[in-house]
Asker: 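Below you will find the structure I want to go over with you.
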Amino acid sequence: MNWIKKKINHMPFRRKILLFIFVISFVPLLILGAFSCVVFRRNLVEREKSNMRDYMSQAVLGMENKIDIYNNLSDYIAYNQTISNVIGYKYDNPQYSSSFEVYKQLRDFVDPLVSGVKYFNQDMQSLTLYVDSDIVKHDSTITTLNDAQDSEWKKKLGDNPDNEIYWFVEQDVPKVYLVRNMPLLPQLESEGYLYIEVEYNSIFDMFSKMESGQYGVVIYDEEGEEIYSFNSFDTDKYILDSKVLYEETISEDNSLKNSYKIKDNNRRFTVVKEVTKVGWTAVIYKPDSVINMSIGALISVVIRVALVCIILSSLTATIVSGRYVNTIEKMTENMKEVEAGKYEVKIHSDSEDEVGSLIRGFGNMVNRINTLINEVYKGKLFQKEAEMKALQAQINPHFLYNSLSLINWKAIEAKQPDISRITLLLSKFYRTSLNKGKNITSIKDEISNIQSYIDIQLMMHDNGFDVEYEIDHDIMNYSIPNLLLQPIVENAIDHGIDMNTDKRGLIKVSGKLLDGDQIEIMVSDNGVGMSEETAEQMLTESSKGYGVKNVNERIKHFYGEEYGITVKSVMGEGTEIIILIPAMNV
């Protein structure tokens, strides 16, 4: 949350306004779109449930109508007295003196009837009468009961079947057929069965012709075994194992078989109905994800409308707020220029609102700053220069040089070369320091000044540290404020190498010309270094003494805020003081 707040705080005002408009436009649109999707999905789900129930009703009704047709057809054949008389004869009956007579009866009475039935029922695959008499097989219509002893349906019916009609399905073949006994044969002291096989797909084709998009169908027999399955899914991931579907939809609640039921387990919608004519159970299922696919079109429309509304809102906000935002942005540019030291106000406003008052107040403030700079800032600069000149004036150069010259001759007469050398160094140091009362000197003289100072310090430290100079000769004739390097070198000795007793000290002075007509002079030491906080304080008001802070202020007074000192230091390794000034001739 703090990260978001920080990002918003750093965001331009124009973007904040556009973000605000976007949020107040997007949130209501998002709520409205979400509400629309929820309502649409609910209506879609209800419609799918209703459609699935209607499709189930039509499919089951169509199946039951076909089953009724074949049940009635079986009744017509099973209760036909002529057929029963023909197939139930006895060889010892004088009426049938030869097998040819039997053939004639089958040809004249049974064959026409069976042919007519098959002609008007094209889905019928076969019609067979199984009889326990010694009748001769006749085509595929008449055969003995012995041929059915090993069949599945005979095992299920047993030896004493009732007059019911039984339907059987073999899904592996696939095959669907009905079997029933011939109820008139017992009167002729005989036994027989009617077997009618129907084309498998013709019984179930109603379930594969639903106009319900992607769905799946499974039909179970009375024992819960799958006898038919179909799906119109684009991928196999929606297809359910029939045993899993049975466990989830039927076995848990047998009442589902008695009427239309819809189960919603948050994964799919399921419609279950019993085919009462045969005791089968049909299940239609549709995954929830398939239904959700239909919502994609609505979501797409909602997103497009929302985007158009947001774009229009943003354009409106840009146009309406442009006047105020442009004015504020121009004022911001003016403020940046003021920060860079350019105190010229380029924007004015006659508006009487808060923005106009802000702009006029900013202009008054800049004018006041200009006044203070002229009266105070420049006055202090002149004061510092006067103080420097006064300091230099307090020292009588001729008296100082004569005194040092006398000391030098005395040292020579006393054969004291060290005293003579230090006297000459001190004389050179003060000559370059005083610089005839001028505040500007050449880099050559400034380097000569610190060389004298460092040589004096080496004598005072008994040559306890090393010094390296890497000065580019191209910068020697450029100008530099007087006494700029000495405080920095003094700071490097006193607070750097003097405090480091673990290794021999090293002071390095370098200078070079940079691109863009700038000069960089660096004074580094391998002393104790300092913390980052201490390094920052060296250039602030919290630092004490004349030192680096005063040098930094002098540079900025002379050349502007873009020039000055940079401090780099690492604890235990040393410190670098980098001076940046413009390349200007003396």
Asker: Please confirm whether the backbone N or O of Tyr563 pairs with a side-chain atom of Lys556, one donor and one acceptor, at under 3.5 Å?
Answerer: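 Yes, the answer is positive, given that a donor and an acceptor are paired below the 3.5 Å cut-off.
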Asker: If you compare all heavy atoms of Ser524 against all heavy atoms of Glu576, which two are closest, and at what distance to 0.1 Å?
Answerer: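 Closest heavy-atom pair between Ser524 and Glu576: CB-CG, 3.8 Å.
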Asker: Quick one: do the His461 and Asp498 side chains pair a donor with an acceptor below 3.5 Å?
Answerer: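 Indeed, the side chains of His461 and Asp498 share at least one donor-acceptor pair under 3.5 Å.
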Asker: Below 4.5 Å, heavy atoms only, C-beta onward: do Leu514 and Leu580 meet side chain to side chain?
Answerer: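 In contact.
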Asker: How far apart are the closest heavy atoms of Ala492 and Val523, and which atoms are they?
Answerer: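 Smallest interatomic distance, heavy atoms only, reads CB-CG1, 4.5 Å.
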Asker: Less than 4.5 Å apart, any side-chain heavy atom of Ile239 and any of Tyr285?
Answerer: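 In short, these two side chains touch, coming nearer than 4.5 Å.
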Asker: For the CD1 atom of Ile507 and the CZ atom of Phe465, what is their distance to the nearest 0.5 Å?
Answerer: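 One gets 4.5 Å once the value is rounded to the nearest 0.5 Å.
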Asker: I want to check something: taking the side chain as every heavy atom from C-beta on, are Ile577 and Val567 in contact at a cut-off of under 4.5 Å?
Answerer: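 SC-SC contact between Ile577 and Val567 confirmed.
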Asker: Please check: side-chain N/O of Glu446 versus main-chain N/O of Leu485, any donor-acceptor pairing under 3.5 Å?
Answerer: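 Checked: pair present.
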Asker: What distance do Ile480 atom CD1 and Ile447 atom CD1 have between them, rounded to the nearest 0.5 Å?
Answerer: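 It comes to 7.0 Å.
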Asker: If you define the side chain from C-beta out and look only at heavy atoms, does anything of Met538 sit under 4.5 Å from Met530?
Answerer: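 In short, these two side chains touch, coming nearer than 4.5 Å.
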Asker: Roughly how far, to the nearest 0.5 Å, is CZ of Arg554 from OH of Tyr559?
Answerer: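 Reported value, rounded in 0.5 Å steps: 9.5 Å.
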Asker: Near Glu562 CD, under 6.0 Å, is it more than 12 heavy atoms from other residues, nucleotides or ligands?
Answerer: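 Buried by this count: over 12 neighbours within 6.0 Å.
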Asker: Indicate yes or no for a side-chain donor-acceptor contact from Ser569 to the backbone of Gly574 under 3.5 Å, with no hydrogens or angles considered.
Answerer: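 Here the side-chain-to-backbone pair exists.
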Asker: Any side-chain heavy atom of Tyr478 within less than 4.5 Å of one from Ile581?
Answerer: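 Tyr478 vs Ile581: side chains apart.
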Asker: Does the side chain of Ile521 reach to within under 4.5 Å of the side chain of Leu484, using non-hydrogen atoms?
Answerer: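 They are not in side-chain contact.
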Asker: Quick check against the 3.5 Å criterion: does Lys444 have a side-chain atom that pairs as donor or acceptor with the backbone of Asn477?
Answerer: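 No.
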Asker: May I have the step-by-step check of side-chain contact (heavy atoms from CB on, under 4.5 Å) for Arg47 and Asn43, ending in yes or no?
Answerer: CA-CA 6 Å; Arg47 187 187 69 181; Asn43 293 336; over 6 Å; no
Asker: How far apart are the closest heavy atoms of Leu245 and Val218, and which atoms are they?
Answerer: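 Result for this residue pair: CD2-CG2, 3.8 Å.
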Asker: Measure from the side-chain N and O atoms of Asn552 to the backbone N and O of Ile565, and report whether any donor-acceptor pair falls under 3.5 Å.
Answerer: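 Confirmed, Asn552 side chain pairs with Ile565 backbone.
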Asker: Which atom pair, heavy atoms only, marks the closest approach of Phe233 to Gln214?
Answerer: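 Closest pair (atom of Phe233, atom of Gln214, distance): CA-OE1, 3.5 Å.
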Asker: Keeping Ser479 on the side-chain end and Met584 on the backbone end, is there a donor-acceptor pair under 3.5 Å?
Answerer: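 Yes.
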Asker: Between Asn491 and Thr575, is the side-chain contact (heavy atoms from CB on, under 4.5 Å) condition met? List the steps.
Answerer: CA-CA 10 Å; Asn491 187 77; Thr575 302; over 6 Å; no
Asker: Please report the shortest heavy-atom distance between Ile450 and Tyr469, naming the atom on each side.
Answerer: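 So the two residues come closest at O-OH, 4.5 Å.
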Asker: Closest heavy-atom contact between Ile578 and Glu520?
Answerer: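 That would be CG2-CG, 3.6 Å.
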Asker: With a 3.5 Å distance limit and no angle check, can you tell me whether Asn500 reaches the backbone of Gly529 through a side-chain donor-acceptor pair?
Answerer: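 Judged by distance alone, no pair lies under 3.5 Å.
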Asker: To the closest 0.5 Å, what do you measure between CD1 (Ile454) and CG (Asn449)?
Answerer: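 It comes to 9.5 Å.
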Asker: Let me confirm one number: the CG-CG distance from Leu539 to Asn550, rounded to the nearest 0.5 Å.
Answerer: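 So the CG of Leu539 and the CG of Asn550 are separated by 11.5 Å.
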Asker: Any chance you could measure Ile497, atom CD1, to Arg504, atom CZ, to the nearest 0.5 Å?
Answerer: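 Going from CD1 on Ile497 over to CZ on Arg504, the span is 9.0 Å.
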